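Being a predicted model, the structure only gives us computed values, none of them experimental. The chain is numbered in sequence order, starting from 1.
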Amino acid sequence: MTDSKNINNPVGQGGGQRKKQSRAERQNNGPHRNLDRQSAADRKAELVRKMREKTRTAEESAQPGDDTAQG
C-alpha cells in the first residue's frame with residue numbers, strides 16, 4: 001500500500017470523508033431550494049404590497065367623488 005501525506009486518507013482507500021447528506025439534499029432539494037423559496041416569497045410579498053397600494057390609491061381617488069354626489 002502506498003502512503004499519502006494525510007494519514008486519514010491513504011491512497012487507494014477511497015475518497016476520504018464526505019459530508020453526510022440529509023434526505024432532502026440527496027433528492028436535490030438542499031439549502032439552495034430553501035433560498036429559492038425565500039426569494040419567491042419575498043417577490044410575492046412585494047407584489048402584494050404594490051397591489052394593495054394601487055387599490056388604496058384607487059379607493060382614495062374614488063371616495064371624494066362619491067361624497068360630493070351624496071351631499
Side-chain angles (χ1 to χ4, degrees):
M1 180 172 95
T2 55
D3 292 330
S4 68
K5 292 181 181 177
N6 183 354
I7 194 168
N8 293 326
N9 185 21
V11 174
Q13 296 292 315
Q17 294 179 342
R18 284 183 61 173
K19 174 184 171 284
K20 280 209 169 188
Q21 292 183 329
S22 68
R23 185 174 184 181
E25 287 172 331
R26 279 184 269 136
Q27 293 173 347
N28 205 14
N29 298 335
H32 59 88
R33 183 173 184 202
N34 296 336
L35 293 174
D36 291 343
R37 286 182 173 182
Q38 183 62 42
S39 64
D42 292 342
R43 282 187 302 226
K44 182 178 178 181
E46 182 70 16
L47 181 63
V48 168
R49 184 186 64 79
K50 286 180 182 178
M51 290 174 66
R52 285 184 179 155
E53 283 182 5
K54 267 188 188 177
T55 57
R56 188 177 305 129
T57 56
E59 288 174 355
E60 288 174 358
S61 63
Q63 284 178 352
D66 293 341
D67 292 342
T68 56
Q70 291 175 358

| query | How long is the gap from CG on L47 to CZ on R49, to the nearest 0.5 Å? | reply | 10.0 Å

| query | Among M51, R52, K50, which one satisfies side chain to side chain contact (heavy atoms under 4.5 Å, CB included) with V48? | reply | R52

| Less than 4.0 Å between a side-chain N and a carboxylate O, is that true for E46 and R43? |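 E46 and R43: not salt-bridged.
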
| field | Salt bridge E60-R56, side-chain N to carboxylate O under 4.0 Å | value |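 The answer is no: the pair does not qualify as a salt bridge.
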
| said: Please check if the number of heavy atoms outside R23 that lie under 6.0 Å from its CZ is greater than 12. | reply: no

